[in-house]
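Worksheet: the structure to be examined is printed underneath.
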Amino acid sequence: MSSILQANGVLKTNAILKTMAHRGVSNQAPENTLAAFILAVDAGCQWIEIDVQLSSDGVPMVIHDDTVNRCTNGCGKVAEMTLSQLKKLDAGLWFNDKYRGEPIPTLLETLDFVQRTQTKLNIELKVYPQDDIALLCAKVAQVIIASGIAADQILFSSFHTQALIEMQDLLPQVRRGQLWQKIPREAFDILREIKAYSVHCDYRFLNSTIAQQIKQFDYQLYCYTPNLPELVDDYWHWGVDMMITDIPQAYAALENV
Ligand code: G3P
Ligand code: MG
């Protein structure tokens, strides 16, 4: 297996380079926090996936659920809380006492981390019922421009094609990936419309025929969220390019990937 020895002594194997840390290394640190992103860099991952939605005062925040109930010590809807209210919450304690005080990061803080560590960021645009997609995309684009991050360090994804259409208008130079649980029949029309770079799908619904069709058109093909490498052994042969996983380290020792 080929590998690269980084300056910090971490051995980057081909296999780890073909994983994306889902919400950071979210099996070892609280998801969507800087602590989980640091572990991803330490593990040798090039890519980190995050979920983004707006606070009530229009700040893109890194959090998955539409409420803060599961992953913080607070309670309520993200979209009904200001940046200042969200920043007062503890997003680490629910996971483990050693992460007490870990805050919900903003997108801007996360972009700063990604720039400093020269990693790459998959920004999943989360759209919940009642969300204003155009506003979400406009605010995300503003933050990205303000950060000065290079376009090739970012990839947008969303289950909501409309969000990707908006991003295509706002930041055409940033790549877009369509998220589907199961890839639908009309996939190729949608992928053409958004000039997609990648397809991200639930590994449990993928088969070799669909995977080969996607690869025939040269799209990158990513699977979420296989946490046991043995479940997706065959997928590499089908042409899958990357696994979006909570446990990138589980893939580190694989050969022939
Ligand atoms: O981006 C892949 C994956 O994150 C999509 O599902 O619910 O974990 O955001 P979810
Ligand atoms: Mg996600």
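Everything numeric in this text was worked out from a predicted model, so none of it was measured. The residues of the chain are indexed from 1 along the displayed sequence. Each ligand, and each atom within it, is numbered from 1 in the order the structure gives.
- Of the N or O atoms in Thr225, none lie within a sub-3.5 Å distance of an N or O in ligand 1.
- Taking the six-membered ring for Trp and the full ring otherwise, Tyr219 and Tyr197 have centroids separated by 6.0 Å or more.
- The contact set between ligand 1 and Leu179, taken as ligand atoms under 4.0 Å from a residue heavy atom, comprises 1 (O), 2 (C).
- Within ligand 1, counting atoms from 1 as listed, the ones closer than 4.0 Å to a heavy atom of His22 are 3 (C), 4 (O), 8 (O).
- The nearest N/O/S atom of Glu124 to the Mg ion (ligand 2) is OE1.
- Nearest N/O/S atom of Asp51 with respect to the Mg ion (ligand 2) is recorded as OD1.
- Backbone and side-chain nitrogen or oxygen atoms of Asn122 are examined, and none is located within less than 3.5 angstrom of a nitrogen or oxygen of ligand 1.
- For a threshold of 3.5 Å applied to N or O pairs, the pair formed by His200 and ligand 1 contains no separation below that value.
- For ligand 1, the polar-atom distance check finds an N/O of Asp51 within less than 3.5 Å of one of the ligand's N/O atoms.
- Side chains of Gln178 and Thr161: a donor-acceptor N/O pair is present below 3.5 angstrom, by distance only.
- In terms of protein heavy atoms, atom 7 (O) of ligand 1 is closest to His64 NE2, 2.7 Å.
- Only one option out of Met167, Arg175, Glu124, Gln168 pairs with Phe156 in a side-chain contact (heavy atoms from CB on, under 4.5 Å); it is Met167.
- In summary, the atoms of ligand 1 found under 4.0 Å from a heavy atom of Lys126, numbered by their order in the structure, are 7 (O), 9 (O), 10 (P).
- Atom 5 (C) of ligand 1 has its closest protein heavy atom at Glu124 OE1, 3.4 Å.
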Check step by step if side chain to side chain contact (heavy atoms under 4.5 Å, CB included) holds for Met61 and Val52. CA-CA 5 Å; Met61 303 297 296; Val52 168; over 6 Å; no
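- Glu49 contributes atom OE2 as its closest N/O/S atom to the Mg ion (ligand 2).
- At least one donor-acceptor pair closer than 3.5 Å links the side chain of Asn73 to the backbone N or O of Asp90.
- Look at Glu49 and you'll find a heavy atom under 4.0 Å from some atom of ligand 1.
- Using modelled atom types, one side-chain atom of Gln85 and one backbone atom of Thr82 make a donor-acceptor pair closer than 3.5 Å.
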Before you tell me yes or no, could you show the steps for Asn32 and His64 under side-chain hydrogen bond (donor to acceptor under 3.5 Å, both in side chains), namely the whole-Å CA-CA distance, both residues' side-chain angles and the distance that decides it to 0.1 Å? CA-CA 8 Å; Asn32 282 323; His64 180 275; over 6 Å; no
Chi angles and distances behind the side chain to side chain contact (heavy atoms under 4.5 Å, CB included) call for Thr119, Cys45: CA-CA 8 Å; Thr119 38; Cys45 287; over 6 Å; no
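- With a 4.0 Å heavy-atom cut-off, ligand 1 is reached by the side chain of Arg23 but not by its N, CA, C or O.
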Walk me through whether Gln212 and Gln216 qualify under side-chain hydrogen bond (donor to acceptor under 3.5 Å, both in side chains). CA-CA 6 Å; Gln212 277 158 21; Gln216 266 170 19; over 6 Å; no
